[in-house]
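Residue numbers start at 1 and run along the sequence shown.
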Amino acid sequence: MCSEQTASGPVELPENHTSCCQRSPALLGELEKLSTLILDCNSYSSHVKFPYMPSVTTVWINKNKIGNLPTFVEEIRSKFPNIKILSMMNNESAPSYFNGGSLDQYIDYRQYVISQIPSLKILDDTEVLEKERAQAKKTYRMQRTREGSKKRKELQN
């Protein structure tokens, strides 16, 4: 389901427009006031491409086929710079007790996503706490440093 926020409240898009969104989410870029995307059960992969949409603050993309967390998180971070709520439940890259993941995998998943998208207030169904944000930043600081060094080396060659 897709909806566009107007002065009078959210408006659900007609079925023919939502089916276009399923095939090509790039068409969403035409909706300049869109604040919430609910893209559950669409078979999107980690390589889905979204248009740049600074008005979007909420993305639900549960029950899809997202397997590569770094690729997907980079797309979300770069295309939705004001995102506050992200829900990725029941995707391969979002391990939880309910889909066979361990507690350690779940914590690592949360820390990674929180470290890469600092604007998040809620991830899945859980508020992002400041102590969790601090731990995520500490845990994944080295990865960003290594990635930056790698990119600098590639540019020098």
Side-chain angles (χ1 to χ4, degrees), residues 1-3 10 12-13 15 17-29 31 34-151 154:
M1 178 179 81
C2 299
S3 64
E12 189 169 331
L13 300 176
E15 188 62 36
H17 197 86
T18 59
S19 65
C20 289
C21 296
Q22 289 172 343
R23 288 191 307 267
S24 177
L27 298 174
L28 295 170
L31 304 172
L34 191 72
S35 63
T36 299
L37 282 176
I38 300 174
L39 300 169
D40 297 344
C41 305
N42 279 297
S43 297
Y44 287 133
S45 76
S46 305
H47 300 286
V48 63
K49 297 296 179 197
F50 295 105
Y52 181 74
M53 300 180 72
S55 63
V56 171
T57 58
T58 301
V59 175
W60 285 6
I61 193 157
N62 304 300
K63 296 182 183 177
N64 279 275
K65 298 184 180 194
I66 299 165
N68 184 317
L69 189 60
T71 298
F72 181 73
V73 166
E74 175 58 26
E75 180 69 9
I76 294 293
R77 188 186 62 73
S78 65
K79 301 299 177 63
F80 306 118
N82 296 307
I83 190 166
K84 304 280 184 254
I85 301 169
L86 174 63
S87 186
M88 297 179 48
M89 294 185 286
N90 209 354
N91 280 286
E92 180 185 331
S93 64
S96 74
Y97 174 79
F98 299 106
N99 65 7
S102 69
L103 179 59
D104 287 341
Q105 289 171 320
Y106 171 73
I107 291 169
D108 189 52
Y109 150 75
R110 281 189 62 84
Q111 286 186 351
Y112 180 77
V113 174
I114 293 165
S115 75
Q116 302 304 301
I117 308 174
S119 61
L120 281 183
K121 303 289 183 208
I122 297 173
L123 177 57
D124 297 331
D125 60 350
T126 306
E127 180 181 357
V128 176
L129 303 173
E130 283 309 311
K131 67 179 185 177
E132 187 178 24
R133 190 178 311 282
Q135 182 61 47
K137 192 174 182 179
K138 183 178 175 182
T139 300
Y140 282 98
R141 178 181 48 200
M142 292 303 292
Q143 180 175 340
R144 282 188 170 180
T145 303
R146 278 189 237 123
E147 288 173 359
S149 297
K150 184 178 177 183
K151 285 181 183 178
E154 288 172 359

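Minimum heavy-atom separation, Val128 to Leu123: CG2-N, 4.0 Å. Between Ser55 and Leu34, the closest heavy-atom pair is OG-O, 2.5 Å. For the pair Ser119 and Pro81, the tightest heavy-atom approach, listed with the atom from each and the gap, is OG-O, 4.2 Å.
Contacts of Glu75 classified as salt bridge (charged side-chain N to carboxylate O under 4.0 Å, His left out), with partners at least two apart in sequence or in another chain: Lys49, Lys79.
Residues Gln111 and Ser115 have side chains that never bring a donor and an acceptor to within less than 3.5 angstrom of each other. A donor atom on one side chain and an acceptor atom on the other are not found under 3.5 Å apart for Asp124 and Tyr106.
In this structure, Ile85 CD1 and Ile122 CD1 are separated by 4.5 Å, a value rounded to the nearest 0.5 Å. Here the straight-line distance linking atom CG of Leu37 with atom OG1 of Thr58 works out to 9.0 Å at 0.5 Å rounding. The structure places CG of Leu120 at 9.0 Å from CZ of Arg110, a figure rounded to the nearest 0.5 Å. In this structure, Lys65 NZ and Ser43 OG are separated by 4.0 Å, a value rounded to the nearest 0.5 Å. Atom-to-atom distance recorded for Arg133:CZ and Glu130:CD is 5.0 Å, nearest 0.5 angstrom. The line from CG of Asn90 to CD1 of Ile66 is 11.0 Å long, rounded to the nearest 0.5 Å.
For Lys84, the NZ atom is densely surrounded, since the number of other residues' heavy atoms within 6.0 Å is greater than 12.
Residue Ser87 is tested with Asp125, Asn62, Thr126 for a side chain to side chain donor-acceptor pair (under 3.5 Å); the sole match is Asn62.
For the ring-ring contact (aromatic ring centres under 6.0 Å, His included) condition, the pairs that include at least one residue of residues 59-94, sequence neighbours left out, are Phe50-Phe80.
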